[in-house]
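Down below is the structure, laid out as structure tokens.
Whatever order the structure lists them in is the order used to number ligands and atoms, beginning at 1.
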Amino acid sequence: MASSSAKPYCCSSLNPPPPPPPPTPPPLSVLPAAKPRRFSHGLAAVAANPRASRSAVLRPVRACLAAPRRPEYVPDRIDDPNYVRIFDTTLRDGEQSPGATMTSAEKLVVARQLARLGVDIIEAGFPASSPDDLDAVRSIAIEVGNTPVGEDGHVPVICGLSRCNKRDIDAAWEAVRHARKPRIHTFIATSEIHMQHKLRKTPDQVVAIAREMVAYARGLGCPDVEFSPEDAGRSNREFLYHILDEVIKAGATTLNIPDTVGYTLPHEFGKLIADIKANTPGIENAIISTHCQNDLGLASANTLAGAYAGARQLEVTINGIGERAGNASLEEVVMAIKCRRELLGGLYTGINSQHITMTSKMVQEHSGLHVQPHKAIVGANAFAHESGIHQDGMLKFKGTYEIISPDDIGLTRANEFGIVLGKLSGRHAVRTKLVELGYEINDKEFEDFFKRYKEVAEKKKVIIFWSTRFMFSDIHFILLCLKSKARRRHGID
Ligand code: KIV
């Protein structure tokens with residue numbers, strides 16, 4: 001890979017958002033007695049003119065690398081070699097997460113949001129699995145599959161999954177055929193372990209079924225057919241080249257390479273994609289895709305390795321939900337491509353990343369699967385800073401500890417620098433908070449206050465947590481500290 005360039009912030013928003021408004025002043029009723037403000041240290045300017053200070057901090061880190069427009073959709077070809085299709089399977093593989101079932105109405109709501117987010121393909125479900133799922137996929141195909149969204153009037157492909165049998169393929173076609181761009185995704189296992197123990201079929205039988213079913217799907221009138229050799233990560237290479245060659249001849253337009261059990265390592269998965277690209281006859285007439293499960297926590301890394309090796313469709317889910325340990329997460333893969341585009345040979349996607357936060361929250365709500373606080377990109381702590389050293393860095397220059405601007409994923413923070421006051425916070429952050437809240441306090445008073453603050457923070461972790469998330473509680477917290485200082489002065493403590 002090429003050498004790294006040191007851009008502190010990733011940002012490829014074509015239209016950077018307007019500067020944020022100044023902080024909401026705390027309600028007067030809870031402010032200490034109003035006095036003319038007199039700031040006694042170098043942070044006076046921050047409090048006196050927050051708007052000016054913000055733009056000064058933001059300006060150096062908003063260097064944007066604009067992505068070109070999304071190429072026109074043609075099933076078996078992408079006219080720009082750097083464009084990577086994002087295939088979202090939140091509503092199919094994601095819904096297969098234990099406990100994540102969604103109603104048809106919920107799936108429709110999520111599908112509308114996925115279209116706004118700009119995914120190229122929505123895998124809306126597995127229509128043969130139940131009449132309800134067929135209905136859900138059909139409703140998505142009818143509405144979302146025909147409604148242009150965004151400035152470029154994007155309409156996503158609507159895809160339905162099917163095993164390699166006529167009943168499944170008929171159900172998938174019945175559900176997706178209403179979309180402007182319908183796709184059938186059919187799969188059969190190709191690893192020795194699956195063919196022998198699960199399918200109980202010989203490799204030749206598997207090839208014959210795959211070839212026949214891809215041709216059957218095309219014969220129904222579906223112009224776009226994806227084929228997956230399930231468990232490709234553990235399949236014999238020569239056998240993969242052979243079956244892929246046969247399904248391309250039968251009309252497959254996308255060849256998806258699943259690491260079904262999340263077994264491969266990134267360099268290994270990258271090589272698998274590179275080998276398929278180099279050795280499969282007719283591969284230039286199809287798109288290579290990745291589908292990486294997360295059993296070893298490597299799904300996003302494997303997906304990126306696949307893209308670097310030549311895959312031009314990436315299968316992902318919002319928040320990384322999916323079977324067992326989940327799938328490659330859309331937000332991780334997309335933001336890695338956006339942030340490190342130069343190191344990935346100039347790849348780009350059609351995702352409008354400013355919809356990421358909203359989409360993540362919606363999927364959490366409807367699937368009932370909540371992300372851990374430290375989840376990359378969308379976790380509650382992903383843009384929060386509690387340690388004093390980090391807070392000091394953030395207050396001086398945000399690029400010191402953040403590689404992505406929260407604006408780029410549509411995140412509005414409770415406070416501009418993502419500062420969370422806790423027991424590890426330092427003087428700089430605590431004093432800034434006081435100034436922000438309008439407290440007049442001299443250096444000596446601040447030192448007393450800071451000492452007391454640390455004592456309280458060590459004991460009252462929960463109060464600190466709540467107090468720093470919401471303005472009104474901040475004030476309660478400050479008052480609490482000041483009150484305890486007064487109580488001590490009067491010998492009450
Ligand atoms: O994990 C898997 O192999 C799948 C295929 C159906 C693509 O979900």
- Message: Whether K271 and E268 form a salt bridge (side-chain N of Lys/Arg under 4.0 Å from carboxylate O of Asp/Glu) is what I want to check.
- Response: no
- Query: side chain to side chain contact (heavy atoms under 4.5 Å, CB included) with I288: which of T254, I257, L244, T280?
  - Reply: I257
- Query: Below 4.0 angstrom, N of the basic side chain to O of the carboxylate: do R413 and E416 qualify?
  - Reply: no
- Below 4.0 angstrom from a heavy atom of D93, which ligand 1 atoms are there? Numbered from 1 as shown, please. 8 (O)
- Note on the structure: Taking every heavy atom of I184 against every heavy atom of A217, the minimum-distance pair comes out as CD1-CB, 4.1 Å
- Message: Side chain, backbone, both or neither: which applies to E323 and ligand 1 if a contact is any heavy-atom pair less than 4.0 Å apart?
- Response: neither
- Where ligand 1 meets S228 - atom numbers and elements under 4.0 angstrom, heavy-atom basis: 7 (C)
- Note: A189 and K198 closest approach over all heavy atoms is CB-NZ, 4.1 Å
- Task: Select one of side chain, backbone, both or neither to describe which atoms of R92 lie under 4.0 Å from any atom of ligand 1, heavy atoms only.
- Result: side chain
- Item | H185, any N or O under 3.5 Å of ligand 1 N or O | no
- Just checking, any donor-acceptor pair under 3.5 angstrom between side chains of N256 and S289? yes
- Message: Between ligand 1 and T260, is the shortest N or O to N or O distance under 3.5 Å?
- Response: yes
- Ranked by distance from atom 4 (C) of ligand 1, the top protein heavy atom is H291 NE2, 3.6 Å
- Query: Between N256 and ligand 1, is there a nitrogen or oxygen pair with a distance under 3.5 Å?
  - Reply: no
- Message: Under a 4.0 angstrom heavy-atom cut-off, which atoms of ligand 1 come close to E230?
- Response: 3 (O)
- Note on the structure: Which of R183, R70, K181, R85 passes salt bridge (charged side-chain N to carboxylate O under 4.0 Å, His left out) with D120? It is R70
